[in-house]
There are 2 protein chains.
Amino acid sequence: MNAVTIKDVASAAGVSVATASRVLSGHPATSPDSRAKVESAAKELGFMPNAQARSLRSTKTDSIALLISDVRNPYFSDLAHAVEQHARAAGLMTFIGNANEDAAQQDDFLATMLSRRVDGLVIVPQGLNEESNQPSEMMNRVLSSGIPTIFVDRALPSVQVPAITANSAQALDEAVATLQSLGHQNIAFVGGPKHASTALERYSAFETALANNGLHADEALHFVGDFQPASGALAAKWLLENPAKPSAIIVADAPMAIGALRVWRELGVRVGSDLSVITFDEVDAMLIHDPPIATIGHDLSQMGKMAVQALREVMAGQKPEPEELISKFTLRPSVASAKATQVMEGKVRP
Amino acid sequence: MNAVTIKDVASAAGVSVATASRVLSGHPATSPDSRAKVESAAKELGFMPNAQARSLRSTKTDSIALLISDVRNPYFSDLAHAVEQHARAAGLMTFIGNANEDAAQQDDFLATMLSRRVDGLVIVPQGLNEESNQPSEMMNRVLSSGIPTIFVDRALPSVQVPAITANSAQALDEAVATLQSLGHQNIAFVGGPKHASTALERYSAFETALANNGLHADEALHFVGDFQPASGALAAKWLLENPAKPSAIIVADAPMAIGALRVWRELGVRVGSDLSVITFDEVDAMLIHDPPIATIGHDLSQMGKMAVQALREVMAGQKPEPEELISKFTLRPSVASAKATQVMEGKVRP
DNA sequence: CTTACTCATGTAAACGATTCCATGGAATCG
DNA sequence: CGATTCCATGGAATCGTTTACATGAGTAAG
């Protein structure tokens, strides 16, 4: 395999391993002479330092772990890409792990990363355990281990970790105001699972927005999904059968919206005329949709950048403040006036 | 931090480190008695083995690297997910790296992985260097290092590495036959960059399919893109200005299709009536599109599974055969009869 | 009862880097 | 010119595991 070690380099260069090591890791106390000899020997032999030996001794790995729910969710793949690019710029390798919205896989990944002694963790937390209302055991271990950690996108209440989150209050206010001014009275909301802080934030901001615009919240118009496409599909049908006949709907994430849009298309519901749709997460699929879907979203590249920056501050021993990005509402043709919506009865296009 | 080592566990359990190690790594020669003592001590102390020390000595890391172009491309994120799940089932951690269609980033990632001594590599190769017509230096190093490697999705000609690829000949044949039977004579093709083997395979299969169906290939109907959304957008405009007025188009990957569909929508071109569209890669965005887009695609979960399996065979010292998945054509409403296409002149909807 | 063999255990040597410490020569200072 | 400082260097310890080898107890076979 790659049997060439620093020892080989040292003897080829005619110096000790200590000197070779110093040259290769940029230590100042080296003569130009030995620097030249070691460098050329290393290149000659194709020396490639063994990262585990290095970090076993030096206790740093120049790597961080990013734990997300699912790479297949475009929201998270965009976020992952942003984190990776900014970490890379700071000389850090990023390990991406999928929790698949599953606490066991999350813990598994965290355990592996702890074993590998990554220098820091960026986590989209999966939420507290349903029964115990506590973070999982592994999460507690992470938190008590003292390894630099920050949360991104979501936060955990009661856990003191810097978090980079998004605030959608303003955007939802605008969205609801827009719908209201177009004559929509019954606005449905497809939310996320209660273990996700984003789900709570979004629904409560929605309720506030309703109140601000003279509308009243109605639990019968609230569908609790799980942020996955399948539950979006269920929500789509739930909407059509809802006795209140809502004329507009706000969906709390892109995968659920994707699931829902597919069902509506199959059933012939015309988004943007039969039904006004606004969704969270400004991802490609929403923009190529015909009609384009109005979204509430934030800059993921920015979020990734802030996450890496905050993490580096923690790694440097500082205590960064939690930060909030302000989400933006973008009106698009998926939203129309409520009048067009009267046709909802004839939901299946011939 | 996590200062608890196997030494601590051993002394807490009242045995030697050797025994502790044997118990913890499941070595058979251990007594039930010491097994019990060590295990409880380990749990008690929250022992978490240091992966670098372990693999420094044992020369295995139980991890593999997956090099793809870009996680944000849904095709690759699906593939990444599949590889990860199957690797995980085999007890292997997967490191995902983005090349961003950039040889420098590819080499960077490979260097890091080589340093970390991953047990194997699954690579979507970026292609040969434009000038030298050779794999990059780092790629050569990977290949000569003897580290188990397989290619997936793409292959490199002249490089002897087992590859899992897709064969689209049949699917393209069906696709072209379908178009032809609907009266389409001028079928445009938006291909990929020539450094990608998939681009070559797809275009040459397309040419064959034309011939099989009594149509002739025409370079003026071939747009060479780069697999990214922006070049899809260019292709979309190119098509509209093409003097041959093609009535149907086949796009060689999803990101380009996404870029193109967006442009067509903005310009009011009605896909499925003004223009028949077929695209490679069966991803969500194509299915929620209205109308749904006909696709040529293959089972990515299957591809991921085969990749992991082939890699494990290489790791076990075997020499697996290259394998080909057969792509499938799925007809959807984005394809219509050519007659409807006469309206192409009035391309901008009022 | 001896011999041979199995088996759990401990001691110590790896693995491949970094880094502390001692050394000796050159440079600087009074 | 002698004393002090500086600096590049090499030897050796170290990081936390695994594992080759030696040991000694217990067991089965003769």
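Letters A, B, ... are given to chains in the order of the sequence lines, protein chains preceding strands, and every chain is numbered from 1.
- As judged by a 4.0 angstrom heavy-atom cut-off over every strand, A/Thr30 is placed among residues touching the sugar-phosphate backbone only.
- Going from atom CZ of A/Arg116 over to atom P of D/dT17 covers 14 Å, rounded to whole Å.
- One finds no side-chain N or O of B/Thr19 lying less than 4.0 angstrom from the OP1 or OP2 phosphate oxygen of C/dT9.
- In this structure, the side chain of A/Asp107 does not engage the main chain of A/Ala104 through any donor-acceptor pair within 3.5 Å.
- Nearest-nucleotide assignment on DNA chain D puts the 5′-proximal partner with B/Gln52, out of B/Gln52 and B/Ala18.
- Other residues, nucleotides and ligands contribute at most 12 non-hydrogen atoms within 6.0 Å of the CD atom of B/Glu321.
- Side-chain N/O atoms of A/Ser16 and A/Thr19 include a donor and acceptor closer than 3.5 Å.
- Put simply, CG on A/Leu56 is 9 Å from C1' on C/dC15, counting in whole angstrom units.
- Distance NE2 (A/His27) to C1' (C/dT18): 11 Å, rounded to an integer number of Å.
- Contact annotation: side chain of B/Arg57 to base of C/dG16, donor-acceptor pair absent below 3.5 Å.
- Heavy atoms from other residues, nucleotides or ligands lying under 6.0 Å from CD of A/Glu44 number 12 at most.
- Proximity of residues 31-42 of chain B to DNA chain C (heavy atom under 4.0 angstrom from any strand atom) is restricted to B/Ser31, B/Ser34.
- Look at B/Ser58 and you won't find any side-chain N or O under 4.0 angstrom from OP1 or OP2 of D/dT18.
- Rounded to whole Å, the distance from CG on B/Leu114 to P on C/dA17 is 13 Å.
- In this entry the distance linking NZ of A/Lys7 with P of C/dA17 reads 10 Å, nearest Å.
- Paired regions of DNA chain C, where each region holds three or more successive Watson-Crick or G-U pairs whose two hydrogen-bonding distances fall under 3.5 Å, are C:1-30 with D:1-30.
- Phosphate proximity of D/dT18 to B/Arg54: present, with a side-chain N or O under 4.0 Å from OP1 or OP2.
- Heavy atoms from other residues, nucleotides or ligands lying under 6.0 Å from NZ of A/Lys319 number more than 12.
- With distances taken from any side-chain atom of B/Ala53 to the nucleotides C/dG10, C/dA17, D/dG16, the minimum falls on D/dG16.
- Here the CD-OG distance, from B/Gln134 to B/Ser158, works out to 7.0 Å after rounding to the nearest 0.5 Å.
- For A/Ser21 and C/dT18, the shortest distance from a side-chain N or O to OP1 or OP2 is below 4.0 Å.
- If you check the side chains of A/Arg35 and A/Thr30, you find a donor sitting under 3.5 Å from an acceptor.
- Between A/Lys60 atom NZ and C/dA17 atom P there is a gap of 16 Å when expressed in whole angstrom units.
- Counting to the nearest Å, the C1' atom of C/dT18 and the CG atom of A/Asp62 are 14 Å from each other.
- The side chain of B/Thr5 sits closest to D/dT17 out of C/dG16, D/dT17, C/dT9.
- The environment of B/Arg116 atom CZ is dense: over 12 non-hydrogen atoms of other residues, nucleotides or ligands sit within 6.0 angstrom.
- With a 6.0 Å radius and a threshold of 12 heavy atoms from other residues, nucleotides or ligands, B/Glu137 has its CD atom at or below the threshold.
- Summarising the geometry, the separation between CG on A/Leu24 and P on D/dT9 is reported as 13 Å, rounded to the nearest angstrom.
- Mapped onto DNA chain C by nearest heavy atom, A/Arg22 and A/Ile6 fall at different nucleotides, with A/Ile6 at the one closer to the 5' end.
- Remark: the backbone N or O of B/Val71 is paired with a side-chain donor or acceptor of B/Asn98 at under 3.5 angstrom.
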